[in-house]
Amino acid sequence: MSNQAGSEEKPASLDVSDLGSALPSEATGKDGAKLVKLLKNKLHSLATESTKYLESLSPEGKARVAALKELQRNHDELEVKFNEEKTLLEAKYQKLYEPLYLKRTDIVSGAVDVEGTKDEAAEVTSAAKGVPNFWLMALKTHELLAIQITQRDEEALKYLKDIKWSKLDSLNGFQLDFYFNPNPYFKNTLLSKTYHMVDDDEPILERATGTVIEWYPGKNLTQKVLRRKLKEGQIDAKPVIKTKQIESFFNIFNPPEIPEDGIDQDTAEELQDVLENDYDIGTIIKEKIIPHAVSWFTGEALQGEEFDDDEDEDDEDEEDEEDEDDDDEEDEEYEEVKDGEAPQKVLE
């Protein structure tokens, strides 16, 4: 599958805004298809309300609605033709974009050099090859992606040498491919994230899957290994170790699963937020970062960006403070196991 070019349009938002209220407490499911089914049921309920309202209109009102529906049909016919031509146009320009992406990769990796750099490099023998940290800086420049990348992540992302995206051949959706140089964090040289959509034209996420990362011992950036501190007189006691999930950009490769047990509304809303954030990350990388990586690397892309004011910022700060308080209490009882230390007993 070839790398697909994105547009300059703002990524569509995941259309699950009413998902929480659509989920009954007894809802069950194994993947996002269950959420989609429940969402469709909710939409059907709303459509039924509209039908009842139309039936209540006067004969004159119904005639006007009939005229409006005819206009809508004409519009929809044009829209179908637009989408057909748009698909052909995107395919045409994809072939034109591809050589540019390949040249960009060669320059960034140092596989080829550009005119004028050889003489300068001769003067500085220690000059780095290619453009170091190109993708790390491009990702970090975007506000939402910067939030996802921790300091621990940065060291691993320095080994990221290319990102591509492709449409799924037989399914609706797209796939992101992250290519890495050999590194001390994980064995994989390719990490993929796949978004399965209900329909390519409708931004409704059915499910998402990611590559299982083969972390080297003690290098898992998505976990922290904690050891219970020994109290006075417990010198010979066996250490108790537990693993704690922590924030990391690499969590995108391990998307959430729908619990097989019942989902209450609070859990559904929390899951909804996670899925929306996951989808936003994917579409930003696909539609903004990949096609305009150079502008994000240089910071020029920020000139055309609109930054949203978060009305819930205070609430989020309070939640972060509560989480930090919980971490502080935990830190008093546990200490992090450093690289090279071998835990003896693990509590899941």
Side-chain angles (χ1 to χ4, degrees), residues 1-16 32-33 36 72-109 111-112 134-135 138-139 141-142 144-145 160-180 189-211 252-253 255 276 278-298 300-301 304-305:
M1 292 183 289
S2 63
N3 176 27
Q4 301 290 320
S7 66
E8 295 185 8
E9 298 176 358
K10 184 178 180 180
S13 298
L14 181 59
D15 189 11
V16 291
V36 172
Q72 187 64 53
R73 276 192 291 270
N74 294 336
H75 173 278
D76 293 346
E77 289 174 0
L78 290 174
E79 189 173 37
V80 169
K81 294 180 180 179
F82 165 75
N83 287 328
E84 291 174 351
E85 294 182 16
K86 178 183 175 183
T87 300
L88 294 175
L89 195 61
E90 287 178 342
K92 172 186 174 180
Y93 276 88
Q94 168 54 29
K95 293 180 180 179
L96 298 176
Y97 288 143
E98 190 65 28
L100 301 180
Y101 290 151
L102 292 175
K103 288 182 180 179
R104 181 179 69 185
T105 299
D106 287 342
I107 293 174
V108 168
S109 66
V112 299
F134 176 84
W135 287 102
L139 292 170
T141 303
H142 192 282
L144 177 59
L145 300 182
L160 180 59
K161 64 179 182 179
D162 202 5
I163 310 176
K164 298 181 179 181
W165 83 268
S166 56
K167 288 179 65 67
L168 300 184
D169 289 336
S170 58
L171 300 171
N172 295 321
F174 62 93
Q175 177 171 303
L176 297 174
D177 292 320
F178 297 76
Y179 296 86
F180 285 84
T189 55
L190 171 62
L191 298 179
S192 298
K193 177 64 178 290
T194 306
Y195 294 87
H196 300 268
M197 313 301 293
V198 175
D199 190 319
D200 273 340
D201 297 327
E202 295 293 334
I204 301 178
L205 180 66
E206 179 179 351
R207 61 190 173 91
T209 57
T211 299
I252 68 170
F253 299 102
E276 285 183 343
D278 184 61
Y279 177 82
D280 286 343
I281 291 172
T283 52
I284 287 170
I285 293 174
K286 174 175 77 77
E287 299 180 8
K288 291 193 172 186
I289 302 300
I290 293 175
H292 307 292
V294 176
S295 296
W296 286 103
F297 173 77
T298 62
E300 294 171 285
E305 280 293 291

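Bear in mind that the values here come from a model prediction, so they are computed numbers and not experimental data.
Remark: Gln72 pairs with Asp76 by the side-chain hydrogen bond (donor to acceptor under 3.5 Å, both in side chains) rule, at least two apart or across chains. Considering only residues two or more places apart in sequence or on other chains, Thr194 meets the side-chain hydrogen bond (donor to acceptor under 3.5 Å, both in side chains) condition with Gln175. For Thr298, the side-chain hydrogen bond (donor to acceptor under 3.5 Å, both in side chains) partners at least two apart in sequence or on another chain are Glu300.
Residues Trp296 and His142 come closest through the heavy atom pair CH2-CD2, 3.4 Å. Closest approach of Leu96 and Leu100 over heavy atoms only: O-CG, 3.9 Å. What you find for Pro255 and Gly210 is that their closest heavy atoms are CD-N, 4.1 Å.
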Chi angles and distances behind the side chain to side chain donor-acceptor pair (under 3.5 Å) call for Gln94, Glu98 = CA-CA 6 Å; Gln94 168 54 29; Glu98 190 65 28; 2.8 Å; yes
request  = Applying side-chain contact (heavy atoms from CB on, under 4.5 Å), run through Glu84 and Leu88 and close with a yes or a no.
outcome  = CA-CA 7 Å; Glu84 291 174 351; Leu88 294 175; 5.8 Å; no
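Between atom CZ of residue Arg73 and atom CD of residue Glu77 there is a gap of 8.5 Å, rounded to the nearest 0.5 Å. Taking OG1 of Thr141 as the start and CD1 of Ile289 as the end, the distance is 7.5 Å to the nearest 0.5 Å. Between Leu102 atom CG and Lys164 atom NZ the span is 6.0 Å, to the nearest 0.5 Å. Distance CG/Leu190 to OH/Tyr179: 5.5 Å, rounded to 0.5 Å. Between the NZ atom in Lys167 and the OG1 atom in Thr87 there is a gap of 7.5 Å [rounded to 0.5 Å].
Side-chain atoms of Thr211 come within 3.5 Å of backbone atoms of Ser192 as a donor-acceptor pair (strictly under, hydrogens ignored). Listed for the Trp135 side chain is a donor-acceptor partner under 3.5 Å among the backbone atoms of Lys161. At distances below 3.5 Å, at least one donor-acceptor pair connects side-chain atoms of Tyr195 with backbone N or O atoms of Asp278. Under the 3.5 Å distance criterion, the side-chain polar atoms of Lys193 are matched with a main-chain donor or acceptor of Ile252.
Using cut-offs of 30° and 60° on the angle between ring planes, the pair Phe253 and Phe178 is perpendicular.
Contact annotation: the side chain of Val294 approaches that of Phe134 to within less than 4.5 Å [non-hydrogen atoms, C-beta and beyond]. Counting only heavy atoms from C-beta outward, the side chains of Arg104 and Tyr101 approach each other to under 4.5 Å. The closest side-chain heavy-atom distance from Leu145 to Ile285 is below 4.5 Å.
The side-chain tip of Lys286 points at the ring of Phe174 from less than 6.0 angstrom away and within 45° of straight on.
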